[in-house]
Chemist: 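One structure coming up, written as structure tokens, with questions to follow.
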Amino acid sequence: MTRRFLFVLGSSRRDGNTELLARRAAEQLPEGVEQQWIDLAAHPLPDFEDLRHDSDHVRPTEGSAALLLDATLAATDVVIVSPLYWYSVSAHVKRYLDYWSGWLRTPGADFRATMAGRTLWGVTALAHPEREVADPLVGTLNNSAAYLGMRFGGVLLGNGSKPGDVLNDTEALARAKTFFAQEAPLARFPYETG
């Protein structure tokens with residue numbers, strides 16, 4: 001299968017540090033690798049309503065939910081591009097991941113089977129010198145990938161607060177050059193790796 005990357009932008013700020021870092025990493029992808037970029041602020045999802053026990057599920061045919069479902073199913077690689085907000089993913093990204101719960105029950109989507117074996121990646125910028133503060137964000141993405149039987153390529157971390165700061169993080173920019181070239185292992189829950 002030809003690789004197709006979906007970059008899900010979860011910032012409340014356009015062209016922020018996290019997006020800048022993700023674009024630097026994406027520049028390194030080989031020619032011919034398709035890239036789709038979807039800004040969740042420009043394509044907002046309504047509040048997620050958990051209907052798994054109360055209703056028949058219908059595949060969305062229009063709007064942001066349909067766009068994101070189709071793009072997610074078409075991707076071999078999903079890249080969550082979220083700044084570190086209160087030590088985890090942004091509200092936009094959390095809502096997108098909540099929708100995965102509904103898509104698991106959407107007739108004809110075969111969401112779990114389709115996503116199994118595909119790769120989930122993360123890119124984030126944080127305004128803190130200790131990278132461990134991003135562990136909750138990393139855990140959210142790793143565990144989401146593990147639940148669906150996906151591979152997890154890890155999270156590319158950069159440091160920056162003011163717009164453009166991440167471009168001064170030479171270590172992050174160096175990691176961006178090879179980030180998507182690494183082999184992504186099958187995601188495992190923490191209790192499975194010990």
Side-chain angles (χ1 to χ4, degrees), residues 1 3-11 18 22 25 36-40 43-60 64-124 126 131-157 179-180 182-194:
M1 175 181 243
R3 289 182 83 184
R4 178 185 167 115
F5 278 72
L6 170 63
F7 291 85
V8 180
L9 304 176
S11 180
T18 303
Q36 182 176 11
W37 294 74
I38 298 179
D39 184 346
L40 294 174
H43 299 282
L45 290 164
D47 286 339
F48 176 71
E49 188 176 357
D50 186 356
L51 301 173
R52 70 186 134 169
H53 303 294
D54 305 326
S55 167
D56 291 332
H57 292 268
V58 177
R59 185 183 181 111
S64 297
L67 171 72
L68 285 159
L69 173 58
D70 291 343
T72 303
L73 290 172
T76 60
D77 297 77
V78 177
V79 185
I80 301 297
V81 182
S82 175
L84 186 71
Y85 287 163
W86 285 103
Y87 310 103
S88 191
V89 295
S90 69
H92 292 304
V93 168
K94 178 62 171 76
R95 183 173 291 135
Y96 166 68
L97 294 175
D98 286 347
Y99 267 74
W100 287 17
S101 295
W103 296 341
L104 284 167
R105 292 159 182 80
T106 299
D110 295 322
F111 192 75
R112 183 186 296 271
T114 300
M115 299 309 289
R118 305 229 173 148
T119 305
L120 185 65
W121 308 84
V123 179
T124 193
L126 56 148
R131 297 183 183 278
E132 292 82 5
V133 300
D135 287 352
L137 180 146
V138 175
T140 293
L141 298 182
N142 176 77
N143 293 346
S144 297
Y147 183 76
L148 291 176
M150 298 177 74
R151 299 184 169 284
F152 183 54
V155 177
L156 175 60
L157 299 168
F179 183 62
F180 293 125
Q182 67 184 335
E183 185 67 32
L186 196 60
R188 297 280 183 230
F189 287 108
Y191 61 83
E192 295 177 313
T193 59

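Because the structure is a prediction, the values reported are computed rather than measured.
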Chemist: Quick one: are F179 and V79 in side-chain contact, heavy atoms under 4.5 Å?
Modeler: no
Chemist: So do V78 and M115 actually touch side chain to side chain, heavy atoms under 4.5 Å?
Modeler: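 Answer yes - side chains close enough.
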Chemist: For a quick test of reading the model, state the closest non-hydrogen atom pair linking W100 to L120 and the distance between them.
Modeler: CH2-CD1, 4.2 Å
Chemist: Identify the heavy atoms of S88 and T140 that sit nearest to each other, and give their distance.
Modeler: OG-OG1, 3.8 Å
Chemist: Kindly compute the distance separating CG (L73) from CZ (R118), expressed to the nearest 0.5 Å.
Modeler: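 L73 CG to R118 CZ: 7.5 Å, rounded to 0.5 Å.
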Chemist: Minimum heavy-atom separation for P44 and S64, please, with both atom names.
Modeler: O-OG, 3.1 Å
Chemist: Report the relative orientation of the aromatic rings in F7 and F5; use parallel for angles under 30°, tilted for 30 to 60°, perpendicular for over 60°.
Modeler: parallel
Chemist: OH/Y147 to CG/L97 distance, rounded to the nearest 0.5 angstrom?
Modeler: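 These two atoms lie 13.5 Å from each other.
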Chemist: Stepwise, does the side chain to side chain contact (heavy atoms under 4.5 Å, CB included) test hold for Y96 with I38?
Modeler: CA-CA 11 Å; Y96 166 68; I38 298 179; over 6 Å; no
Chemist: Do the side chains of P190 and N143 get nearer than 4.5 Å, heavy atoms only?
Modeler: yes
Chemist: Would R188 and F152 count as a cation-pi pair here, with the cationic atom under 6.0 angstrom from the ring centre and within 45° of the axis?
Modeler: no
Chemist: Any side-chain heavy atom of P46 within less than 4.5 Å of one from Y99?
Modeler: yes
Chemist: Please assess S11 against T18 for the test side chain to side chain contact (heavy atoms under 4.5 Å, CB included), listing each intermediate value before the final yes or no.
Modeler: CA-CA 8 Å; S11 180; T18 303; 5.7 Å; no
Chemist: Does Q36 offer a backbone N or O that forms a donor-acceptor pair with the side chain of R4 under 3.5 Å?
Modeler: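 Here the side-chain-to-backbone pair does not exist.
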Chemist: Taking side-chain contact (heavy atoms from CB on, under 4.5 Å) as the criterion, tell me which of N142, V93, L84 meets it with L137.
Modeler: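 The option that passes is L84.
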Chemist: How far does CG of L156 sit from CH2 of W121, to the nearest 0.5 angstrom?
Modeler: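 Atom-to-atom, L156:CG and W121:CH2 are 10.0 Å apart.
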Chemist: Supply the atom-to-atom distance E192 CD to L186 CG, rounded to the nearest 0.5 angstrom.
Modeler: 8.5 Å
Chemist: Check whether any side-chain N or O of T76 sits under 3.5 Å from a backbone N or O of R3 as a donor-acceptor pair, and report yes or no.
Modeler: no
Chemist: Using the side chain to side chain contact (heavy atoms under 4.5 Å, CB included) rule, take T114 and W103 through it: C-alpha gap first, then chi angles, then the decisive distance, then the call.
Modeler: CA-CA 11 Å; T114 300; W103 296 341; over 6 Å; no
Chemist: Quick one: pull up CG in L6 and CG in D70 and give me the separation to the nearest 0.5 Å.
Modeler: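 Between L6 CG and D70 CG, I get 11.0 Å after rounding to 0.5 Å.
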Chemist: So which atom in A146 and which in A187 form the shortest heavy-atom distance, rounded to 0.1 Å?
Modeler: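 Looking at all heavy atoms of both residues, the shortest contact is N-CB, 3.4 Å.
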Chemist: Measure the NE2-CD1 distance between H92 and I80 for me, rounded to the nearest 0.5 Å.
Modeler: 13.0 Å
Chemist: With side chain to side chain contact (heavy atoms under 4.5 Å, CB included) as the test, would you mind laying out the steps for L9 and W37 before giving the verdict?
Modeler: CA-CA 7 Å; L9 304 176; W37 294 74; 3.7 Å; yes
Chemist: If every non-hydrogen atom of Q182 is compared with every non-hydrogen atom of G153, which pair is closest and at what distance?
Modeler: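 Smallest heavy-atom distance, with atoms named: NE2-O, 2.8 Å.
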